[in-house]
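Scope of the values below: all heavy atoms of this structure, side chains included, with no hydrogens, waters or symmetry mates. In this chain, numbering begins with 1 at the start of the sequence shown. Atoms within a ligand are numbered from 1 in the order they appear, just like the ligands themselves.
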Amino acid sequence: MAKVIICDPIHEDGVKMLRDAGLDVTLDTEVTAEELLKKISEYDAMVIRSRTKVTKELLDAAPSLKAIARAGVGLDNVDLPYAKEKGIEVFNSPEAPCNAVAELVLGMMFNMARMISEADAGMKQGKWEKKKLTGFEIQGKTLGIIGFGRIGYTLGKKAKCLGMRVLAFDVAMDRVKQYIEEIGAEAVDLDTLYAQSNFITVHVPLLPQTKHMINKEAIAKMRNGVHLINAARGGVIDEAALKEALDSGKVKGAALDVFEEEPKPDEELVCRSNVICTPHIGAGSVEAQIGNSTVVAEKLIKFFNS
Ligand code: NAD
């Protein structure tokens, strides 16, 4: 029976799945790095989140380890090249937060369109600013999605159901075109997306090619009064260029879940009335947390059964 150590807290549903599948599971979610180093040799697999650091030293102390399962997306805490060299499989669960992120982005769009945060803040100060708060409807508006992977697709599908026109651009257009067409969206080049969208949202990874892809030049190609959203990674939008565009009114509003500096983002950006912000909570739903644990449990079970 394969032995699995769960080193960081994950939702109980995933733990139950592993046990029901007959794996010998040890829950040790407060294990220190020193303790883990001593006991890791007993285990065939480990489940982690971001707390546990899977270093070269730890991997050298783990002769039986065959799989590492990260409940979540980021793998910065795992020495991936060394795990690969040792033939250890590494799993994560990028599928789990898709819906949570897509719903947050929709919430941000509704919020910007109807000024919900501003209205709420005014009410709490005893104001009744009915006239100032005439918004607009998102039905019939155009949403530009840059990066049509898991989240871009999930969001696009929902936006179509809300009666939006959806334009999509992806660097791997050949791979994603069928999904764009499947939901009734339109595959376009970036310049078309910039020129025609009322809302533009980025769903790309942060890479050298995507760092500051939304910069001064890109913003200049957008419609006047565009609304921008970033729930991907801080740095995809150039915050200095965004502030300038918010000042000039070129960008009417922005909604940001991620920032160039976390957890201390630029106050001058965050505190603007035409910006709504959330502290990197895209994946912060109960369902996504359950998903993180069950998705990696499923992958581990499949691995040990094959
Ligand atoms: P994914 O890998 O499924 O999709 C990313 C897409 O971006 C791919 O289709 C890829 O071809 C495309 N892409 C890459 N470079 C591009 C470029 N230069 N121009 C256009 N398209 C490009 O990823 P996903 O699961 O959809 O996640 C998207 C982003 O959301 C990632 O940055 C991820 O880290 C982030 N994310 C944020 C949160 C949050 O809490 N806010 C949660 C989960 C994921």
Side-chain angles (χ1 to χ4, degrees), residues 49-50 70-78 91-109 111 143-159 166-183 185-194 197 200-215 217-218 221 228-238 254-263 265 270 276-293 295-296 299:
R49 288 182 64 191
S50 56
R70 155 73 160 112
V73 183
L75 289 166
D76 327 349
N77 52 327
V78 179
F91 304 110
N92 62 346
S93 54
E95 308 86 338
C98 287
N99 195 61
V101 178
E103 286 190 9
L104 179 70
V105 171
L106 281 179
M108 287 170 150
M109 282 163 51
N111 193 333
L143 169 65
I145 300 178
I146 302 175
F148 205 78
R150 297 177 202 93
I151 296 171
Y153 168 82
T154 308
L155 173 67
K157 209 167 158 182
K158 292 177 192 295
V166 176
L167 306 180
F169 171 78
D170 195 290
V171 79
M173 204 54 121
D174 287 349
R175 181 174 54 78
V176 304
K177 202 161 183 227
Q178 55 175 314
Y179 303 111
I180 295 175
E181 284 165 3
E182 176 202 308
I183 65 158
E186 296 158 58
V188 294
D189 59 36
L190 259 187
D191 282 359
T192 306
L193 186 147
Y194 289 150
S197 302
I200 296 177
T201 182
V202 288
H203 296 286
V204 296
L206 182 63
L207 304 167
Q209 308 89 284
T210 57
K211 181 158 167 91
H212 289 182
M213 77 179 287
I214 305 298
N215 54 19
E217 291 70 40
K221 294 177 183 169
L228 288 185
I229 303 158
N230 187 4
R233 280 289 176 266
V236 174
I237 296 183
D238 175 350
L256 308 168
D257 184 48
V258 290
F259 304 87
E260 293 195 22
E261 295 297 329
E262 294 181 11
V270 172
I276 55 169
C277 296
T278 48
H280 205 145
I281 57 166
S285 73
V286 175
E287 292 82 355
Q289 299 310 317
I290 295 174
N292 277 330
S293 82
V295 167
V296 290
K299 290 182 181 177

Side chains of Thr278 and Asp257: is there a donor and an acceptor less than 3.5 Å apart?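 Yes, side-chain donor-acceptor contact under 3.5 Å.
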
Taking atom types as modelled and ignoring hydrogens, do the side chains of Ser93 and Asn292 form a donor-acceptor contact shorter than 3.5 angstrom? yes

Does Arg175 have a heavy atom less than 4.0 Å from any atom of ligand 1?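 Yes, Arg175 has heavy atoms under 4.0 Å from ligand 1.
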
Can you tell me which residue and heavy atom of the protein come closest to [atom], and the distance to 0.1 Å?
atom: atom 16 (C) of ligand 1; answer: Val171 CG1, 3.5 Å
atom: atom 35 (C) of ligand 1; answer: Ala232 O, 3.5 Å
atom: atom 28 (C) of ligand 1; answer: His203 O, 3.4 Å
atom: atom 4 (O) of ligand 1; answer: Gly149 CA, 3.2 Å
atom: atom 26 (O) of ligand 1; answer: Ile151 N, 2.9 Å
atom: atom 14 (C) of ligand 1; answer: Pro205 CD, 3.6 Å

Side chain to side chain, [X] and [Y], heavy atoms closer than 4.5 Å:
X: Ile180; Y: Glu186; value: no
X: Val105; Y: Ile151; value: no
X: Met213; Y: Leu190; value: yes
X: Met109; Y: Thr201; value: no

Could you work out, for [atom], the closest of [options] by heavy-atom distance?
atom: atom 12 (C) of ligand 1; options: Leu155, Thr278, Asp170; result: Asp170
atom: atom 1 (P) of ligand 1; options: Glu95, Gln209, Arg150; result: Arg150
atom: atom 31 (C) of ligand 1; options: Asn230, Thr210, Val204, Asp257; result: Val204

Any pair with a residue in residues 93-105 that passes salt bridge (charged side-chain N to carboxylate O under 4.0 Å, His left out), sequence neighbours left out, goes on the list, sorted by first then second residue, please. Glu95-Lys299

Considering only heavy atoms of [X], which atoms of ligand 1 have at least one such atom less than 4.0 Å away?
X: His280; result: 39 (C), 40 (O), 41 (N)
X: Ala172; result: 11 (O)
X: Phe169; result: 19 (N), 20 (C)
X: Ala231; result: 37 (C), 38 (C), 39 (C), 41 (N)
X: Gly282; result: 39 (C), 40 (O), 41 (N)

Would you give the length of the straight line joining atom OH of Tyr153 to atom NZ of Lys158, rounded to the nearest 0.5 angstrom? 10.5 Å

Are any of the N/O atoms on [X], whether in the backbone or the side chain, positioned under 3.5 angstrom from an N/O atom of ligand 1?
X: Met213; result: no
X: Ile281; result: no
X: Ile146; result: no

Within 6.0 angstrom of Glu261 CD, more than 12 heavy atoms from elsewhere: no

Are more than 12 heavy atoms from other residues, nucleotides or ligands located less than 6.0 Å from atom OH of Tyr179? no

Would Ile214 and Tyr194 count as a side-chain contact (heavy atoms from CB on, under 4.5 Å) if you check the C-alpha gap in whole Å, the side-chain angles of each, and the deciding distance to 0.1 Å? CA-CA 10 Å; Ile214 305 298; Tyr194 289 150; 3.6 Å; yes

Tell me which part of Val101 gets within contact of ligand 1: side chain, backbone, both or neither, using heavy atoms under 4.0 Å.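 Within the 4.0 Å criterion, Val101 contacts ligand 1 through side-chain atoms alone.
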
State which residues pass salt bridge (charged side-chain N to carboxylate O under 4.0 Å, His left out) with Lys157; sequence neighbours excluded, sorted by chain then number. none

